[in-house]
Amino acid sequence: MSYLFPKVEGRQVRVRVAGDPAAPPVVLVHGIGRNLEDWDATFARLADAYRLIALDLPGFGMSDRRPEPAGLGSLARGVLTTLSAVDERRPVHLVGNSLGGAVSMQTLLLAPERVASLALVNSAGFGPEVTYILRMLAMPRLGPLMLRRPTRVGLGHAERTLYADPKLADRARVDHALRMARRPGAAEFMAEIGHALGTLRGVRPEWRADLLAAMAAHERPMLIVWGDRDRILPPGHFDLARRTFPNAAVRMFPGVGHMPQVERPDEFVALLREFLATAD
């Protein structure tokens with residue numbers, strides 16, 4: 001296991017790599033405002049059989065943003081250029097949580113030859129409903145004001161909304177979220193991406209419609225996973241996802257919120273192993 005800080009097109013990115021370099025590559029993609037630590041439990045359980053790669057998406061965590069306007073395309077290009085930087089040019093299995101699911105789909109559209117399969121975990125892209133926290137951040141004046149002054153109380157509340165079990169939002173996770181939120185440029189980028197993808201009413205319909213329409217031409221083995229107590233992207237989106245991709249393998253985790261890979265890591269990785277074996 002190692003953390004890498006390669007320069008990608010003149011920008012610093014942070015990547016975590018583990019496993020046999022010759023093993024099939026699995027790329028783990030986090031959600032909005034998050035970072036690669038969301039996949040810690042997956043690394044501990046899956047690196048024996050796969051080359052695991054997780055990155056901080058451009059503008060999040062410890063990765064510099066790309067110079068272009070924030071959006072789904074910019075984040076997906078960040079995935080592709082980072083994979084090249086760590087010398088991974090084989091078709092990869094993309095596993096995306098939350099916005100990372102939409103980024104994974106966009107990555108497939110940009111470079112279909114580089115994507116072997118998709119696992120969408122409580123993925124964005126299927127419905128307009130989203131937590132009020134992200135709707136507020138999308139507001140042109142209120143969002144930047146909230147983000148410029150992150151507090152332990154505010155981030156603790158945001159962290160608790162991710163899980164069915166609020167005890168998972170422990171001091172270490174909140175402290176880490178606070179450090180990431182206070183990094184230079186983090187607030188400005190979060191406000192920009194929030195406005196690009198959402199409004200006070202919810203997730204913008206334009207990019208969702210374009211993304212799903214384009215996906216029809218790029219069928220891949222797919223796994224769709226959700227938690228039935230998700231307060232960020234409600235479980236109704238799971239039904240929309242199943243109808244959109246009727247050939248996908250699906251699983252609803254009972255008693256789980258927005259991050260099954262954190263709340264039920266053993267069950268999540270067992271399911272992912274089973275899927276990856278068939279996708280390979």
Side-chain angles (χ1 to χ4, degrees), residues 1 3 14 16 18 26-47 52 54-57 60-62 95-104 119-124 129-137 146-147 150-183 186 190 194 223-238 241 250-273:
M1 179 180 69
Y3 292 88
R14 183 173 66 136
R16 182 179 178 185
V26 175
V27 179
L28 306 169
V29 188
H30 65 77
I32 190 168
R34 305 297 297 175
N35 48 77
L36 59 78
E37 275 78 12
D38 286 347
W39 301 104
D40 280 356
T42 306
F43 266 79
R45 290 163 173 80
L46 197 61
L52 297 187
L55 70 154
D56 285 342
L57 288 169
F60 296 121
M62 297 183 186
V95 183
N97 176 223
S98 193
L99 181 61
V103 173
S104 296
L120 306 179
V121 184
N122 296 58
S123 174
E129 300 87 359
V130 69
T131 175
Y132 76 92
I133 297 172
L134 292 177
R135 294 200 307 270
M136 292 172 65
L137 295 183
M146 292 171 59
L147 290 162
T151 66
R152 187 179 304 279
V153 171
L155 287 169
H157 173 70
E159 195 78 16
R160 285 190 295 275
T161 65
L162 295 171
Y163 312 113
D165 180 1
K167 292 193 295 295
L168 286 167
D170 58 19
R171 184 178 183 86
R173 285 197 167 99
V174 175
D175 286 347
H176 180 70
L178 192 59
R179 287 194 298 272
M180 295 296 105
R182 288 175 173 173
R183 285 182 60 81
M190 185 68 174
L223 171 67
I224 299 171
V225 178
W226 228 275
D228 70 352
R229 294 179 61 186
D230 191 343
R231 289 179 287 175
I232 307 297
L233 296 169
H237 291 203
F238 176 70
V250 297
R251 174 71 66 87
M252 176 72 82
F253 280 96
V256 170
H258 191 59
M259 305 184 80
Q261 76 273 26
V262 175
E263 296 182 77
R264 298 280 181 83
D266 291 331
E267 294 174 57
F268 174 79
V269 169
L271 177 65
L272 188 57
R273 280 183 185 272

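Quick note: numbers below take in every heavy atom, side chains included, and nothing from hydrogens, waters or symmetry partners. Keep in mind the model is a prediction, meaning the values are calculated, not measured.
Screening Arg173, Arg231, His258 against Tyr163 for a side chain to side chain contact (heavy atoms under 4.5 Å, CB included) leaves a single residue, Arg173.
Residues forming a salt bridge (charged side-chain N to carboxylate O under 4.0 Å, His left out) with Arg251 (at least two apart in sequence, or on another chain): none. Partners of Arg264 under the side chain to side chain donor-acceptor pair (under 3.5 Å) rule, at least two apart in sequence or in another chain, do not exist in this structure. Looking at residues two or more places apart in sequence or on another chain, you find no salt bridge (charged side-chain N to carboxylate O under 4.0 Å, His left out) involving Asp228. By the salt bridge (charged side-chain N to carboxylate O under 4.0 Å, His left out) test, Arg183 pairs with no residue at all, sequence neighbours left out. In this structure, the salt bridge (charged side-chain N to carboxylate O under 4.0 Å, His left out) partners of Arg152, at least two apart in sequence or on a different chain, are Asp175. Scanning for side chain to side chain donor-acceptor pair (under 3.5 Å) contacts around Glu37 gives Arg14, His176, with sequence neighbours left out.
Here Ile224 contributes atom CD1 and His237 contributes atom NE2; the two are 13.0 Å apart, rounded to the nearest 0.5 Å. The line from NE2 of His157 to OG1 of Thr151 is 11.0 Å long, rounded to the nearest 0.5 Å. Taken to the nearest 0.5 Å, the CE atom of Met252 stands 9.0 Å off from the CG atom of Asp230. To the nearest 0.5 Å, atom OG of residue Ser98 and atom CE of residue Met259 are 8.0 Å apart. The line from CG of Leu28 to CG of Asp38 is 10.5 Å long, rounded to the nearest 0.5 Å. If you take CG on Leu57 and CG on Leu99, they are separated by 7.5 Å, rounding to the nearest 0.5 Å.
Remark: the backbone N or O of Gly257 is paired with a side-chain donor or acceptor of Asn122 at under 3.5 angstrom. Judged purely by atom type and a 3.5 angstrom limit, Asn97 uses its side chain to pair as donor or acceptor with the backbone of Val121. A donor-acceptor pair under 3.5 Å is absent between the side-chain atoms of Trp226 and the main chain of Gly236, judged by distance alone.
The heavy-atom pair separating Ser104 from Gly96 by the smallest distance is OG-CA, 3.7 Å. Taking all atoms of both residues into account, the shortest heavy-atom contact from Arg45 to Ala41 is NH1-O, 3.1 Å. Taking both residues in full, the closest heavy atoms of Pro235 and Gly227 are given as CG-O, 3.8 Å, listed atom of the first, atom of the second, then distance. A pairwise comparison of heavy atoms in Pro260 and Phe268 identifies O-CB, 3.9 Å as the closest pair. When all heavy atoms are compared, the tightest approach of Ala124 to Ala102 is O-CB, 3.7 Å.
Looking only at side-chain heavy atoms (C-beta outward), Asp165 and Arg160 stay at 4.5 Å or farther from each other. No side-chain heavy atom of Leu120 sits less than 4.5 Å from a side-chain heavy atom of Val225. Side-chain contact between Glu267 and Leu271 is absent, with no heavy atoms from C-beta onward closer than 4.5 Å. Using a 4.5 Å heavy-atom threshold, the side chains of Leu36 and Leu55 count as separate.
Electrostatic pairing of Glu263 and Arg229 does not count as a salt bridge here, judged by no charged N lying under 4.0 Å from a carboxylate O.
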Would Arg16 and Asp56 count as a salt bridge (charged side-chain N to carboxylate O under 4.0 Å, His left out) here? Give the steps.
CA-CA 9 Å; Arg16 182 179 178 185; Asp56 285 342; over 6 Å; no
Report the C-alpha separation of Val95 and Leu272 in whole Å, then their side-chain angles, then the decisive distance to 0.1 Å, and conclude whether the side-chain contact (heavy atoms from CB on, under 4.5 Å) test is met.
CA-CA 9 Å; Val95 183; Leu272 188 57; 4.1 Å; yes
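Ring geometry for His30 versus Phe60: interplanar angle over 60°, hence perpendicular rather than tilted (30 to 60°).
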